[in-house]
Structure formats: structure tokens, C-alpha cells
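Working notes, beginning with the structure itself.
Residue numbers begin at 1 in each chain, while the letters A, B, ... track the order of the sequences. Predicted, not measured: the structure shown is a model, and the values here were computed from it.
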Amino acid sequence: MRPTPDDSRLSMQQRRGYDHAEVERKWQDRWSDADVYHAPDDAEDPTYVLGMYPYPSGQLHMGHVRNYTITDAYARYRRMRGDDVLHPMGWDAFGLPAENAAKERDTDPREWTFDCIETMKDQMRSMGFGYDWDREVTTCVPEYYQWNQWLFRRFHEEGLVERRAADVNWCPSCETVLADEQVEAEAELCWRCETPVEQRELEQWFLKITEYADELIDDIDDLEGWPDSVRQMQRNWIGRQHGTRLPFDIEGDDADYGTVEAFTTRADTVFGATFFALAPDHPITQELLDDPEVHEFVHHEADPEGDEPNGVETDLTATNPVTGEGLPVYVADFVLSDVGTGALMGVPAHDERDHVFASKMGIPIDPVVAPAPDDEGGCESDSGEPNPPDVSESAYTADGVLVNSGEYSGLDSETARDRITAETDGAEEATQYRLRDWGISRQRYWGTPIPVVHCDDCGPVVVPESDLPVELPEFVNTTGNPLDAAEEWKETTCPECGGDAVRETDTMDTFVDSSWYFLRYVSPDLDDAPFDRERANDWMPVDRYVGGIEHAVMHLLYSRFFTKVLADHEGLEHREPFTDLLAQGMVQLEGEKMSKSKGNVVSPQEIVSEYGADTARLFMMQAAQPERDFDWTDQGVQSAYRFLQRLHETVETFDPGAGGERDAVAEYVAREVDATIAVAREDYDSMTFNTALREARELVGLLRNYREYADAVHAETFRRGLDAAVRLLAPVTPHVAEELWDDLGGEGFVAEAPFPEPAGDAADYDLERQLVENTRGDVRQIVDVAGIEAPERVDVAVAPEWKHRALEIATDSNADNVVSEIMQEPSIRERGDAAADYGQELQEERQSLPRTLSPDREFETLRRAAWLLRREFDVEVRVLRAEEADGDLAGDAKPGRPAIRIE
RNA sequence: GCGGGAGUGGCCGAGUCCGGCCAAAGGCGGCGGACUUAAGAUCCGCUCACUCAGGUGUUCGUGGGUUCGAAUCCUACCUCCCGCACCA
């Protein structure tokens, strides 16, 4: 399954081709020496192509290779099209794995991280990725993370930072907070020491992303360059819902608990409310814990994870603000304190979950919305009111017409919602979001220190700009948070009162780093601001952003949030960071995701050493569209490898002095070169590399056929074909393309050469190709069906001018009778019966008349392609104009369908 | 459950937006042939069925529908993948 370097799979002859290792190294060095991929600061508006920067794990895996090959190919293509291109790379260098690796190896995270970066950078170079390394960004150095701190300050100044208590996973043995991923399975054990994890409430820092919730969700509509899936995932994540907040007065036997608001999207069902429910951790619930039943429920029975809704009735009563009715109040575990207001009105007739709960607790179920009479299942009673639906088994959750709802009866749901909201005292329209503020505190070492000092007198104080950066202290290998153990570092003075104070020991979520790194590439060395505002305004947004779908929400949402904040407060003139987003598919093995645990990983390094980077790149790009998953197959790799060897051989053995004529065959080849270029350009524009590469491969095949067929090729034509093939492949297989470009005597680097352009009329190539294919197919069919053993001659005659003219008239005509229409034309009328017959045919097929070439162009196309028949059937081929063919033959020809006679 | 994406010939995969030379490109695999001592590589042809002159029939998850005409449009259903999920 895993190719090994000394595998004997490659035969001796395969190996006799070019030495990919040598070629690739050579050109990597030359590119680097010539600074080919550098984007100068004075570029006006370079095309910004970006792959999501990697976490430096030390190993480039196939997912990386695919991701970065896509951006590299596109960046190279744009460069060849004459654009300035910004194609940078950097390192998402903070994060937990470095800390763990450091502990295991008794080194420190910094050293480990830089080792990994060095390795991966080498691997990237060996893949031939053309990055502007002058713009490399590494998030774990103070020169970068000081700007995280600076931005934290700015967010704070703008009121977008908040400190509040939040629940975290806490391992009492390791004395540290754990990320959700580090809490194992159902049992919730610490992944390191298997101690049961506790929930602990800690003071945490939040960025108030919810302030931007509306804009973040509304602007998704305009992100037309993004995949629908990602857009939908972000919408769901933000989860905006419009509804009504209704006030319910809560009273007990001897106490008044005030007013509790409940959010509902179905204010129209308020007459059907038969209970009220509070979350187990709702403040009022907490006041009721003296009640043994409530206490028992809250502490022992409530199971928010379970499927069953559980609850306990209290002695309280809630007053329905619309009906004035008193409702029993329950504490229920399906009511979540962080959803809505942590309290809800229960309408079992029109909500499935409420229905289940009410059925279980014996609460009445009163339907108040009926299907509209004109809908399926709706029907009217004698009184003219629709009959209430049967809700004994399940809730009726659709909108409809209100019944049993006092003055609102008879209204449709939507109108009723509006009116109830407007006419009920204390009720108001409300919007609710699923999106929560972004908690960025991490109780770990390897991240950006949150620039805050805690003073007994002043409380938490943000470190002033002049004292930034707050640098990380030396790493100490300890159980808990190393920052907590860094006593000397922790001790400081309060920037406000000068008194003794301690530093905040939490660091930032690494998603903060990645929320703006794409701006840092614009001016990576700037030391008085995170990014050069003017240049960012010119260069942003990123034109093409490519990465894994796993970042569909978090990273991409945070980046959008940061961009909007920077637009509002830092003069950035863009409110969205990424114009086009491509979520690349997975590289799989036999339909399964590659993973270390499954042991089905193909190592890019081994592929590169055996087949070379170009082969790996070519195989990946031609295997599937970038967004699709595909299977890694050794056959595919070998096929790509052999293709490159063939290409190399074709160029190497090309004789520029070859004395072939510019005959019909050469013209055919020349024409195909243009057609290929035209198609490939479109494909590269849309990043459908697979189809562009197919064209290039077919062109090389054609050139080889030509070479084999002709005694001597027309040197100029052949050369142009090779030149086109090499340049079409250059974005994907840059090394071999440079080598061959050099062999062909190209000027400078192919990486900087212009992308080929079709010469002459590029329109209707598809018709030409189709005509040739159909004609060849027809000949085969005839030979086959008619059982012609050894054909000697094939005559192909194109249709006469008048038939083309007739077709043209018929195509444009709206008249009822096409025959009389075309007969108006003297040149057609004079054909007599033949014209009438053809006209009849056109009349019958008039709804499916083909688009065709002109007779001259048909003739020329077939004349150029005749060699294909000659070669295939080893026959004499004559391509005839209508007037050259004898009557019988010419009579059969139609536009797009030449007459064929085989003898 | 809700939302998103997808189902094409032995396999992979174009085509689906803008219905019509679409029995459906290309690759892989298979078969036959050329070359070779041979294998490999390379090249040519075949690879739904029937058919003695370019024809016919049945195909693009399944069933309906629109249309002169549907892989392509509409609709219902089935299956797979991915998000979110006791969200009020």
C-alpha cells in the first residue's frame, strides 16, 4: 500500500527518463535566487491567492499538499496571465500540541515549533510551492503576537471585550482547564490522567462577536464566491430567530417572584399555553431549592443530555400576559439557561417537545391553531371556523388559522403574531441568536498572553500600548499552567495606580492569531501597526482563499468578525476578508479518510522522492475538481509519472530542423493547439484543473501521433504545440515545465512567461471537434455494419451552400411552413425537388435544428482531419466540396453531416 | 428532526447552471492487434444490446410530470455524505 523508495515498480525504462530529483532541485534553487515569487510592496493590486496557513506539526500531509498545490497552481496561472500575485505562507505556530511535545521531549515549545517549521518549510520547497517567503508570518514570535495584544486593547477600547464568569472543563489533578476535545468520551475523563473532569466557573475574557451577529449573518447573502454549504453553516451557527418576548408574572403562595420574560417564535399560540417552565439553573429555580422535590429534581434527576424531557411541578403560578390565565410553573431539564431567557411558555398542542412533556406530566393540550381551510386536512365547521386539529397523538406545528383565541380567532398565524406582540402590554419583538460571545481565555502556556494586569485596587487593567508586548516567560515543565508557575513574570505593578499587581496568566485562543494573519502578509515587518492600512486597502480582500471545510464556521467567522471591527475602527476599507472561498475535498485511500490511526497514510515525502513533486502535483490536480474528495491510487500516480516522462521525451527528441511541410496534418495540429489553449484558459480561470490538464494531456498525445504519422513534422507547428503544452502545464508541474521551456529555448522562466493565447478565431472549436468526431464515428459505423473488409478509399463530401442557406433560413424562421419560406430564396428554389425534400426535412426537425459551421469551414475542418481516417483505416481519403462530388454523394450531405462513401 | 451536498456505463469521473447531433468526454481496468526473444513501456482499435452504409432498441438512484424532445427542468420518494440539533 505504501510506496517505498526502492520499490521495483518502476521498470528500468521508466527510470531512464529525466531525473526528477535533479531537475526539481535545480529549478527550486533558481527560482529562489531570482526571487521569482516576491510580491513587491509597490504592487498596486496584486491578485491575492491564499491557502490556510498550517499548524507546524512537522509533517506535510496529503491534505496540505493538495491545498497548497491548488493555490500554487492558481497563483502561477495568474502570474502567467500577467497579474502581480501575492501568494504568501506562514505558520499557525501557537497551540497545545507544541506544549505537549515539549513536555514529552523535555524541550520547550518554542524550540520544537521552530524545528517543525524548518522541516515543513523544506518540504514545501521540495514541492515547488512558489511563496513569497519574504512575507512569512509566524504567530508565536513577539513581533507577531504583540499585535494580538494590541488588537485586544483596541477591541477593549471599543467596548468589544468583556470579562465574565464562564464554565470550563477543569481537571482537578492537572490543575488546568481542558479543551472540549481533551475530555474523553461519555465518562468525561481527563485525557492525560483520566481523572473525572469537573465544571468550574472561571473569569474569562470574551470578544463580543454577538454585536456583529446581524451584519455577519446578513452579509452572507453577498458572499457569492463562497460555497453554499459554508454559507449555510454560518447562518445556522449564528442562528438568528425573530420572535416575541412575552412577560409572565410569577407568583408563589406567599411570594412574588416578579416578571420573567419568555422568548417565543410562536406568539400566535399563546392561547394554547398550558404550562410555564424554568431551567434548572434559572435564578428563580435556585430560590426554590428549599422545596425538597425541586431540590431532588435539580440535583439528581435533571438530565439535560437525555432524550426524555423531565421536570417537576412547583407551587408557583405564571400569568399568561395575553389571557390573564394562571399557568402551572415547572422546572424542566429541557429548558436551557443559555437559550432564550432560560424560561419558556409551554404550548403542547403546537410544539413536539412540549407535547411529549405535557403528555408525560398530565398537562392539558389545547389546540389553538388549525390548518387553514384551503389547505389539505383543513375543514370548516358549521360556524365557519376551522376545526381544531387532533393533537392527542402529536403536536400540530405548522402555521394556520387561530381558533379558541378570543379576539384573535380567525387570524392567520403570521398576522396574529404581529398583533399579539403589538397589543400585549410588555410584549416586544425580539431577536434571538444561537451565536455566543467568543471566549478567548485559554489556561495554557503556548499562546499570546492576554495583556491584562490584576490589581487589588483597580481590578483588571489592560496593559498600556507602550508596555506591549507582554512577552511569554521561559517555559517551565510543570503540571498546571506554566504561566502560573512563572512567579517572577507574574509579579508586576499596576499601570494605573503603580501598586503591586499580578499578570493575567491566561493566553488567547489561537483563533485570534488566525483571524487577521491575512492582513499581516501585506506588511509583515511593520513595527508600528498590525498592518499597513493603505496597502491593505489596495491589496485586500483575499481574492482566492483555499482550505479545509473544517474551518467553515470558526476561523472563517472569526476572520469576518475581525475584518468588520477593523473596518469600523481601524480604517480598513473592506468589510469581508475573502472574496472567493474554496473548500477543498479530502484525499482518501480506498474511500476512507487518511489517518494515522487507520495507518492508511500516504506520505508526500515518499511520493516526492520516488516520483517527484511534479508527478504528485499533476496526479492530485487531474484526479478531481478541487472541491471533491478523491482516492489516492498508485495507478493514477504512475499514469501521471509516465505522462511527464513522455512529454519530456517528446521535447527532448524534437528536431527543430525537421523539414516537414505545413500540410493539412500540420494545420490540423495547429488548430488543435489553439482549441486546447482556449479550453484550458477557461478551465484555469474556474480552477477546474482536472479538465485543463486533460486538454494538455490530449495535446501531447496528439503531437506524438503526429510525429509518428508524419515522415517529418512541420517544425514550427510542432514547436508551437510543445511550447503550448509546456506552458499549459507550468502552473501544475512547474519544474519539468521549466526544464522543457529551457530546452525549447524559452526566454527566462516559464513561471514568468505569458500564458498562451489562441491564435485566430477561437469561436466554434467545439463544432469543429464535433464534426470530426461524428464523421470518424460514422465511417467506423459504416465499415463495421457494412462489413467492409479492406476499404480502399473514403470520400467525404460536405453539403452545398444552398443547404446551409436553407438551414439558416429555417433556423431564423417563425413561419408555419418552412418549405415555402426557403423557396422564396432563388438559389434554393432552383434546386427543385431536392430543395423541397430538404425543406420538408427541416420542417419536421425544425425544433432541433443544429448549429453548424459554414460550408467552407466544414470543408477546411475535414480536410485537415482527413489524416485521422487515413491513419485509422489505411485508406485514401478525399474530402470534397459539394460541387466536386458527384450528384448521388452530394445529395446525401447535410450541414454538420457530410456524405460518406466507402469503396 | 432541521439544513446543505451528492447518486451517471466494471470502477473513477466530465456533462446538469443555459433541455436538442448525449449511447453520454477522459482516465483506470478488461479484450484484441502492432512493436518486442519475452515482459514492461509505447501506439492502434474494441469495451450496453441488436444491426451487411452512417439504423434501431433499452440506459444516467426510483416513480410521476412539463416538453415535439430530459442525464439535464419540476415533483414525490429512496440511499449515502456533511453540518446543526431537547434552540423555545
Side-chain angles (χ1 to χ4, degrees), chain A residues 10-14 16-17 227-237 239 241 243 262-266 269 277 279 303-310 332-336 338-347 351-354 356-357 397 432-434 549-550 552-553 622-625 627-631 633 635-636 638-640 642-643 645-646 649 688 690-691 693-695 697-698 701 704-705 708-709 767 769-771 773-775 777-788 844-852 871-874 892 894 896-902:
Chain A
L10 295 178
S11 69
M12 287 312 288
Q13 274 192 0
Q14 275 176 298
R16 210 184 291 153
D228 289 339
S229 57
V230 174
R231 296 208 277 174
Q232 197 55 41
M233 282 161 80
Q234 292 211 351
R235 286 194 193 100
N236 290 343
W237 187 263
Q241 277 198 304
F263 177 84
T264 177
T265 53
R266 293 297 305 275
T269 64
D303 177 20
E305 312 286 304
D307 294 333
E308 277 277 292
N310 304 303
D333 61 1
F334 64 88
V335 184
L336 308 176
D338 61 347
V339 175
T341 60
L344 58 82
M345 67 169 191
V347 186
D351 181 276
E352 281 302 345
R353 189 210 41 225
D354 291 351
V356 173
F357 185 70
T397 56
Q432 184 189 260
Y433 304 87
R434 212 185 72 91
I549 188 75
E550 65 272 19
V553 175
Q622 58 117 70
Q625 291 179 2
E627 43 279 281
R628 298 268 268 227
D629 296 344
F630 75 89
D631 266 13
T633 70
Q635 279 161 352
Q638 290 188 43
S639 158
R642 290 196 302 259
F643 167 73
Q645 294 294 354
R646 284 201 297 277
E649 188 271 343
T688 40
N690 53 332
T691 44
L693 293 167
R694 180 176 76 212
E695 286 289 329
R697 290 182 70 150
E698 281 172 11
R704 290 170 67 87
N705 286 342
E708 196 172 300
Y709 177 82
L767 290 180
R769 283 180 166 182
Q770 199 157 52
L771 177 67
E773 255 333 294
N774 288 345
T775 307
D778 282 347
V779 172
R780 280 181 208 129
Q781 164 95 47
I782 294 166
V783 169
D784 181 35
V785 172
I788 302 169
E844 279 161 24
E845 291 168 8
R846 64 182 305 188
Q847 269 137 335
S848 58
L849 296 174
R851 207 161 57 88
T852 59
R871 183 187 60 158
E872 181 173 339
F873 296 98
D874 193 23
D892 288 342
K894 285 178 239 167
R897 197 88 200 257
I900 297 167
R901 182 163 52 207
I902 303 172

Closest of B:C22, B:C86, B:G26 to the A:Q770 side chain is B:C22
Integer angstrom distance from the C1' of B:G19 to that of B:C68: 12 Å
Just the rounded figure in Å: distance from P of B:C2 to CG of A:N236. 13 Å
Which nucleotide in the list B:G4, B:A88, B:A85 gets nearest to the side chain of A:R434? B:A85
Distance check, P atoms only: B:G30 and B:G83, in whole angstrom units. 37 Å
Among B:G45, B:C52, B:C43, find the nucleotide with the atom closest to the side chain of A:A786. B:C52
What distance, rounded to whole Å, do you find between the two C1' atoms, one in B:U47 and one in B:U62? 28 Å
Would you say the side chain of A:I900 lies within less than 4.5 Å of the side chain of A:T775, judging by non-hydrogen atoms? yes
At under 4.0 Å between heavy atoms, what does A:N705 touch on the DNA or RNA strands: base, sugar-phosphate, or nothing? sugar-phosphate
Protein-nucleotide distance (A:D333, atom CG; B:A88, atom P), rounded to Å: 17 Å
B:G54 and B:G45: how far apart are their P atoms, nearest whole angstrom? 23 Å
Checking B:G54, B:A14, B:A88 against the side chain of A:Q781 (C-beta onward), the nearest is B:G54
When rounded to the nearest Å, what value does the distance between P atoms of B:U75 and B:C22 take? 28 Å
Can you tell if the side chain of A:V783 reaches within under 4.5 Å of the side chain of A:I902, non-hydrogen atoms only? yes
For atom C1', what is the distance between B:C78 and B:G61, given to the nearest Å? 8 Å
Kindly say whether A:R646 contributes a backbone atom to a donor-acceptor pair with the side chain of A:R704 at under 3.5 angstrom? yes
At less than 4.0 Å, is any side-chain N or O atom of A:R642 found next to OP1 or OP2 of B:U42? Yes or no. yes
Mind checking who B:U16 pairs with, Watson-Crick or G-U wobble, both distances under 3.5 Å? none
Does A:R646 place a side-chain N or O at less than 4.0 Å from the phosphate oxygens OP1/OP2 of B:U42? yes
Between A:L767 and A:R851, what is the shortest heavy-atom contact and its length? CD2-O, 3.6 Å
Side-chain contact test, heavy atoms from C-beta onward, threshold under 4.5 Å: evaluate it for A:F334 versus A:L344 and give yes or no. yes
Could you give the OH-to-P distance, from A:Y709 to B:G45, as a whole number of Å? 14 Å
Could you check if a side-chain atom of A:Q622 sits within less than 4.5 angstrom of a side-chain atom of A:R697, using non-hydrogen atoms only? yes
What distance do A:E308 atom CD and A:D333 atom CG have between them, rounded to the nearest 0.5 Å? 9.5 Å
Taking only the side-chain nitrogens and oxygens of A:R235, find out if one of them lies under 4.0 Å from OP1 or OP2 of B:C84. no
For A:F643 and B:G26, give me the distance from atom CZ to atom P, rounded to whole Å. 16 Å
Is A:G239 touching bases, backbone alone, or none of the nucleic acid, heavy atoms closer than 4.0 Å? nothing
Find the distance A:D228:CG to B:C82:C1' and express it as a whole number of Å. 14 Å
Nearest to side-chain heavy atoms of A:I782, which nucleotide of B:C86, B:C21, B:A53: B:A53
Toward the 5' end of RNA chain B, which comes first, A:G701 or A:F263, by nearest nucleotide? A:G701
Output the single nucleotide from B:A88, B:G4, B:A53 whose closest atom is nearest the side chain of A:Q232. B:G4
Can you confirm whether the side chains of A:R235 and A:Q232 place a donor and an acceptor under 3.5 Å from each other? yes
For atom C1', what is the distance between B:A23 and B:G15, given to the nearest Å? 14 Å
Would you indicate which nucleotide in B:A88, B:A14, B:A53 comes nearest to any side-chain atom of A:L344? B:A88
Across all strands shown, which nucleotide pairs with B:A76 by Watson-Crick or G-U wobble geometry, both distances under 3.5 Å? B:U62
In whole angstrom, give me the gap between the C1' atoms of B:A71 and B:U8. 7 Å
Go through B:G27, B:C86, B:C43 for me and flag the one nearest to the A:S639 side chain. B:G27
Under 4.0 Å, heavy atoms only, any strand: does A:L336 hit a base, just the sugar-phosphate, or nothing? base
Phosphate OP1/OP2 of B:A53: any A:R780 side-chain N/O under 4.0 Å: no
Any-strand Watson-Crick or G-U partner of B:C84, both distances under 3.5 Å: B:G1
Closest to the side chain of A:Q635, out of B:G55, B:G5, B:C28, is B:C28
Does A:Q625 put a side-chain nitrogen or oxygen below 4.0 Å from OP1 or OP2 of B:G13? no
Can you check the A:Q432 CD to B:A85 P distance for me, whole Å? 14 Å
Touch class at under 4.0 angstrom, heavy-atom based, for A:R697 against every strand present: nothing
Return the value, rounded to whole Å, for the distance between atom CG of A:L767 and atom P of B:G20. 13 Å
Any side-chain heavy-atom pair from A:R901 and A:I782 closer than 4.5 angstrom? no
Return the value, rounded to whole Å, for the distance between atom CD of A:Q622 and atom P of B:C12. 16 Å
Tell me the partner of B:G57, counting only Watson-Crick (N1-N3 plus N6-O4 or O6-N4) or G-U wobble (N1-O2 and O6-N3) with both under 3.5 Å; none if nothing fits. B:C48
May I ask you to say what A:E698 touches in the nucleic acid, namely base, sugar-phosphate or nothing, with a heavy-atom cut-off under 4.0 Å? sugar-phosphate
Which nucleotide in the set B:A14, B:G54, B:G29 lies at the smallest distance from any side-chain heavy atom of A:A899? B:G54
